[in-house]
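The sequence lines fix the lettering, A, B, ..., with proteins before strands; numbering per chain opens at 1.
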Amino acid sequence: MQARVRFAPSPTGELHIGGLRTALFNWLFARHNKGKFILRIENTDTLRSREDFTKSIIDNLKWLGLIWDEGPQIGGEYGPYLQSERLPVYKRLADNLLKEEKAYFCYCLPEELEQRKQKMQKAKLPPLYNGRCRYLSEKERKSLENEGMKPAVRFKVLQECELRVKDLLRGEVKFDSKTLGDFIILKSDGTPTFNFANVVDDALMRITHVIRGDDHLSNTPRQLLLYQSLGFKEPFYAHIPMILGKDASKLSKRHGATSVSYYRKEGYLPWALINYLALLGWSTVDSQQFFTREELIQKFTLDRVNKSPAIFDSQKLEWMNAEYIRKTNIHELAELVIPHLRERGWVGEKIDALTYKKIVRISELEKDRLRVLSDIIKLTDFFFEKDFPLDDKSVEKTLKKDYVYSLLKKIKHEIEKMDLLTQDGLEEILRRLAEKLNLSTGKVFHPLRIALTGRMTGPGLFELAEVLGKEEVIRRIDRALKLLIKESGGLSNGRTPDSGSGSGGSSPPPPATH
RNA sequence: GUCCCCAUAGUCUAACGGAUAGGACACCGGGUUUUCAUCCCGGCGAUGGGGGUUCGAUUCCCCCUGGGGGCACCA
């Protein structure tokens with residue numbers, strides 16, 4: 001028998017990290033077993049379901065490469081795959097249950113139910129439905145109906161019995177039907193509830209293995225009852241551990257970003273996300289960390305899925321993303337980085353050959369510093385903006401040393417003599433200059449770095465200077481010189497500069513004259 | 001409250017009932033580098049508690065504790 005599994009998100013929000021992990025395990029299971037992976041949209045909550053969420057979920061799954069074999073947009077022989085298009089199916093099966101007296105109409109109002117529930121909780125009783133509408137006579141029903149009451153359909157939990165969930169991960173889990181209580185299968189507006197729609201669709205879509213979050217384990221006995229009453233064969237179950245937030249409660253918005261869209265926007269690579277998530281609750285004997293797609297499919301089996309919940313560690317995800325960025329070749333990386341540059345307004349829709357070359361080179365230079373793709377923005381402003389800001393601390397600590405003014409002048413002079421500013425050429429000039437002035441190389445490199453980039457950190461000085469080009473480098477040195485003139489104007493008006501290095505022998509720059 | 005699930009370092013995890021309890025992230029130290037990052041080397045750090053079973057328990061059983069989830073006309 002061919003394995004058929006499904007991912008059945010409800011479009012009441014963005015695709016969630018936890019949902020994605022469930023989708024991933026299903027997908028891996030299907031691919032590993034050469035079975036089918038089915039996508040079904042559970043949009044029976046008419047109030048909260050939104051079409052744009054459906055679109056977004058579908059879009060994100062595609063982005064991640066978790067492609068389904070049957071489902072929205074591609075169809076399949078067990079469709080439709082949107083629950084909102086399957087209403088007649090649920091109605092028909094609910095009618096059958098009514099006819100067989102396995103279900104009954106319930107006229108209780110939501111407010112009544114809520115009140116009763118609270119009472120029972122106060123009395124420290126399990127808050128189950130009390131069965132008020134279970135034994136209504138035909139007459140009573142008619143009169144309620146005449147009052148215009150729209151009933152819900154409630155499933156009758158008849159016999160007291162032990163329900164056994166055969167879970168592939170946890171073994172046999174037993175439940176007592178007494179703890180269940182009659183539950184609604186069709187709401188008064190005619191839409192099915194989760195337990196009902198889920199069972200009906202899984203059965204009709206020939207789902208063989210239900211792989212889903214641990215939080216559904218306690219729903220399973222109700223579903224088992226439905227399978228039996230409907231005359232369907234129950235599937236195999238695998239309840240995988242949930243993903244928790246830092247405080248070990250169910251991962252939710254208050255733990256920070258949980259939507260796949262967010263990670264996509266930030267610049268996480270789809271496979272990094274998948275690789276990281278695969279390791280949350282699953283592992284190989286040797287604790288292998290990195291997997292190619294083929295490897296993961298080949299190695300993934302349910303029997304190596306852990307039973308205990310896992311805390312989502314965004315730091316490790318970030319590390320893994322950085323690892324994958326480093327493994328990306330520079331042309332691919334450039335392509336990945338371009339949308340971020342575009343969004344920032346640093347490049348336009350059309351990119352000419354020269355700009356493209358520059359982006360490729362910058363990607364290469366910054367590669368080791370990127371943890372997420374959007375980091376490119378804060379790292380490379382000096383490559384794209386003429387008037388990038390200078391870091392105050394760096395200016396204070398390094399640029400304002402009194403030997404720097406004359407040093408920068410000399411560097412500028414040397415550069416002006418070059419035909420073309422090349423990486424090697426600049427290095428030679430600066431090293432020679434350092435030797436001549438009896439300065440350590442650092443003393444020469446650092447001030448120039450700040451003049452060119454505004455900060456102490458970044459790619460190799462010679463490399464980045466070559467990207468900037470001769471003219472721009474000179475312009476930036478001038479900018480720094482002007483700044484020093486202004487600053488020292490202030491200094492000569494009272495404050496004394498804290499003593500400089502002594503070597504270098506430069507005279508203090510002239511006071512500003514404006 | 002009740003039912004169910006879970007329990008190895010801060011985090012993710014490995015370990016036929018038999019190793020100094022292994023790996024990864026984070027953290028700390030050192031080295032390489034013009035800086036940052038990368039890279040390399042090293043370090044810190046765990047079987048929740050109590051009972052059994054056994055020659056021997058991380059591993060099997062029971063109790064306790066702790067955490068989580070369900071008990072909706074949400075999914």
*At under 4.0 Å between heavy atoms, what does A/Arg222 touch on the DNA or RNA strands: base, sugar-phosphate, or nothing?*
sugar-phosphate

*Hey, does A/Met242 reach any base, or is it just sugar-phosphate, or nothing, if we go heavy atoms under 4.0 Å?*
sugar-phosphate

*Pick base, sugar-phosphate or nothing for A/Gly213, based on heavy-atom distances below 4.0 Å to the nucleic acid.*
nothing

_A/Tyr324 versus A/Asn275, side-chain donor and acceptor atoms under 3.5 Å_ = yes

*asked:* By the 4.0 Å heavy-atom rule, please label A/Asn306 as base, sugar-phosphate, or nothing.
replied: sugar-phosphate

*Decide yes or no, distance alone: a donor-acceptor N/O pair under 3.5 angstrom between the base of B/C36 and the side-chain of A/Arg369.*
yes

*asked:* Side-chain N or O of A/Lys178 versus OP1/OP2 of B/C71: is the shortest distance under 4.0 Å?
replied: no

*asked:* Taking any heavy-atom pair under 4.0 Å as a contact, classify A/Lys174: base, sugar-phosphate, or nothing.
replied: sugar-phosphate

*asked:* If I take atom CH2 in residue A/Trp319 and atom P in nucleotide B/A24, what distance separates them, rounded to the nearest angstrom?
replied: 9 Å

_By the 4.0 Å heavy-atom rule, please label A/Leu279 as base, sugar-phosphate, or nothing._
sugar-phosphate

*Report the distance from atom OH of A/Tyr324 to atom C1' of B/U38, rounded to the nearest whole Å.*
18 Å

_In this structure, how many angstroms lie between the P atom of B/G23 and the NZ atom of A/Lys316, rounded?_
13 Å

*Base, sugar-phosphate alone, or nothing: which one does A/His239 contact when heavy atoms must sit under 4.0 Å apart?*
nothing

_Please classify the nucleic acid contact of A/Ser308 as base, sugar-phosphate, or nothing, using heavy-atom distances under 4.0 Å._
sugar-phosphate

*Can you find a side-chain donor-acceptor pair between A/Asn195 and A/Thr193 that sits under 3.5 Å?*
no

*Please figure out whether A/Glu323 or A/Thr44 has its closest RNA chain B nucleotide nearer the 5' end.*
A/Glu323

*Closer than 4.0 Å, any side-chain N/O of A/Arg164 to the OP1 or OP2 of B/C4?*
no

*Check whether any side-chain N or O of A/Arg170 sits under 4.0 Å from OP1 or OP2 of B/C4, and answer yes or no.*
no

_Students often get this wrong, so: under 4.0 angstrom with heavy atoms, is A/Arg455 touching a base, only sugar-phosphate, or nothing?_
nothing

*Does a side chain donor of either A/Ser261 or A/Asn60 reach within less than 3.5 Å of an acceptor in the other side chain?*
yes

*Are a donor atom and an acceptor atom from the side chains of A/Asp424 and A/Thr422 found within less than 3.5 Å of each other?*
no

*Base, sugar-phosphate, or nothing: which does A/Phe175 touch, judged by heavy atoms less than 4.0 Å apart?*
sugar-phosphate

*Identify the residue among A/Ile311, A/Asp214, A/Leu280 that makes a side-chain contact (heavy atoms from CB on, under 4.5 Å) with A/Ile243.*
A/Leu280

*Answer with base, sugar-phosphate or nothing: what part of the nucleic acid does A/Leu180 contact at a heavy-atom distance below 4.0 Å?*
nothing

*asked:* Treating A/Gln289 as the side-chain partner and A/Ser287 as the backbone partner, does any N or O pair qualify as donor plus acceptor under 3.5 Å?
replied: yes

*B/A14 C1' sits how many Å from A/Gln289 CD, rounded?*
11 Å

*Does B/A26 have OP1 or OP2 sitting under 4.0 Å from an N or O in the side chain of A/Arg371?*
yes

_Suppose we call a contact any N or O donor and acceptor under 3.5 Å apart; does that hold for the side chain of A/Ser287 and the base of B/G22?_
yes

*Base, sugar-phosphate, or nothing: which does A/Thr191 touch, judged by heavy atoms less than 4.0 Å apart?*
nothing

_Residue of the set A/Thr220, A/Ile240, A/Leu217 for which side-chain contact (heavy atoms from CB on, under 4.5 Å) holds with A/Arg212_ = A/Thr220

*Can you figure out which of B/C73, B/C3, B/C71 approaches the side chain of A/Thr179 most closely?*
B/C3

*For A/Phe290 and B/G23, give me the distance from atom CZ to atom C1', rounded to whole Å.*
13 Å

*Under 4.0 Å: is that the gap between some side-chain N or O of A/Thr12 and OP1 or OP2 of B/A75?*
no

*With distance as the sole criterion, do the side chain of A/Ser188 and the base of B/C73 form a donor-acceptor contact below 3.5 Å?*
yes

*Roughly how many Å is it from CG in A/Asn219 to P in B/C5, rounded to a whole number?*
15 Å

*Which part of the nucleic acid, if any, lies within contact of A/Pro241, taking any heavy atom under 4.0 Å across all strands shown: a base, the sugar-phosphate backbone alone, or nothing?*
nothing

*Between A/Asp176 and A/Ala8, just flag the one whose closest nucleotide in RNA chain B comes earlier from the 5' side.*
A/Asp176

*Give one of base, sugar-phosphate or nothing for A/Gln121, where a contact means two heavy atoms less than 4.0 Å apart.*
nothing

*Taking atom P of B/A72 as reference, at what distance in whole Å does atom CG of A/Asp45 sit?*
16 Å

*B/C74 C1' sits how many Å from A/Lys250 NZ, rounded?*
10 Å

*OP1 or OP2 of B/C74 less than 4.0 angstrom from a side-chain nitrogen or oxygen of A/Ser10, does that happen here?*
no

